[in-house]
Asks: 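Structure provided below as structure tokens; questions to follow.
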Amino acid sequence: MSQPSKPIKNIGVLTSGGDAPGMNAAVRAVVRGGLHYGFSIFGIRRGYHGLWRGDIDELNGQSVSERLQRGGTFLMTARSQTFNTPEGVQKAIEMARVFNLDLVMVIGGDGTFRGARDLSRQGFPVIGIPGTIDNDIACSDYTIGYDTAMNTAMEAIDKLRDTAMSHERCSVIEVMGRKAGYLALNVGIATGAEVIMVPEVTTDFQGDVVKVLLQGRNSGKHHYIVVVAEGAGSASDIAAKIQETTGIESRATILGHLQRGGSPTNRDRTMASMMGLHAIECVRDGRVNRVVAYKSGNIIDIDIEEALDMKKTIDPLQLERAHILSARRGF
Ligand code: F6P
């Protein structure tokens, strides 16, 4: 297990990649937990971009007051291109040393964790906290922001169902997830979608869409919900194709960045708080280069190299199960 080569005193914290509701709660936990155990905590603005630019300021207990319930990230975030190069990583480490940082805690998704691994491989200690609405971090069953995004999308789709029902239409809703369909899958299950399309599983348009919708119509359905992850196709194209093939009037809605905003749910606030505190406890106990994860109901930590070697994907059986639930058998 990795241990720091010198005692850790100053901890930097950043949020990177797509923002996720609950990131503020995680930063608050890092700050309040860190101060409790005698560390000094520094906020790095705009993710890795801010690290190599030295956009860094010390935080105190009050800096995180009134943040817990807010969406977005008050530290702001970015997708840094410069940091994605060996020179960028070196520059970031040099700047961290200018500010006497001994370790950086990163809150974000897969790309954020890969950045942290790059820092650790250059001998700079890190801790990762999973935060993305995509829930696609392999080592963790849960990522901060996922629950809020699912609820936001679910509420929007419930509203779309009202109008789809009134007009006897098919409503095709595109949810976020370029590479991951967890959001689409679970939002689809929760809204009783007839069809769910995810990037991990190939959709056969005739069999999985046309046939399913027509079988629905033949069993007495008058309106339909199709949930598509952005990485599995475009809602507008799919709606046009459905209308052309089945004759069912169709409309497309792209929920887009709406899903990333809003006040975090209880689950995201508590997960973020406990994960942030766990990250601090790792450092307190001398464990670095770790990723905080949620596994089988517990918050744990895993070596960052091992964590990034792990894989997870959607089991097609889950789509089959969703289909069983939405299909009507007879009148
Ligand atoms: O990583 C989270 C996420 O919201 C994905 O679901 C989505 O594909 C992507 O970010 C969009 O990124 P951006 O806001 O940079 O367009």
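Note that ligands are numbered from 1 as they come in the structure, with each ligand's atoms numbered from 1 the same way.
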Asks: Measure from the side-chain N and O atoms of Gln243 to the backbone N and O of Ser250, and report whether any donor-acceptor pair falls under 3.5 Å.
Replies: yes
Asks: Sub-3.5 Å donor-acceptor pair from the side chain of Glu155 to the main-chain atoms of Thr152, do we have one?
Replies: no
Asks: So if you build clusters from Ile, Leu, Val, Met, Phe, Trp, Tyr with side-chain heavy-atom gaps below 4.5 Å, do Val126 and Val31 land together?
Replies: no
Asks: In plain terms, say whether Glu305 and Arg121 are close enough for a salt bridge, that is, a side-chain N and a carboxylate O under 4.0 Å apart.
Replies: yes
Asks: Taking Asp136 for the side chain and Ala180 for the main chain, is one N or O donor matched with an acceptor at less than 3.5 Å?
Replies: no
Asks: N or O contacts of ligand 1 with protein under 3.5 Å, please list pair by pair.
Replies:
| residue | atom | partner | partner atom | Å |
| --- | --- | --- | --- | --- |
| ligand 1 | 1 (O) | Asp134 | OD2 | 3.2 |
| ligand 1 | 4 (O) | Arg260 | NH1 | 2.8 |
| ligand 1 | 6 (O) | Asp134 | OD1 | 2.6 |
| ligand 1 | 6 (O) | Asp134 | OD2 | 3.3 |
| ligand 1 | 6 (O) | Gly177 | N | 3.2 |
| ligand 1 | 8 (O) | Arg178 | N | 3.4 |
| ligand 1 | 8 (O) | Glu230 | OE2 | 2.5 |
| ligand 1 | 10 (O) | Arg79 | NH2 | 3.0 |
| ligand 1 | 10 (O) | Arg260 | NH1 | 3.1 |
| ligand 1 | 12 (O) | Arg79 | NH2 | 2.9 |
| ligand 1 | 14 (O) | His257 | NE2 | 2.8 |
| ligand 1 | 14 (O) | Arg260 | NH1 | 3.0 |
| ligand 1 | 14 (O) | Arg260 | NH2 | 2.9 |
| ligand 1 | 15 (O) | Arg79 | NE | 2.8 |
| ligand 1 | 15 (O) | Arg79 | NH2 | 3.3 |

Asks: Sequence neighbours left out, what passes ring-ring contact (aromatic ring centres under 6.0 Å, His included) with Tyr294? Give chain and number order.
Replies: none
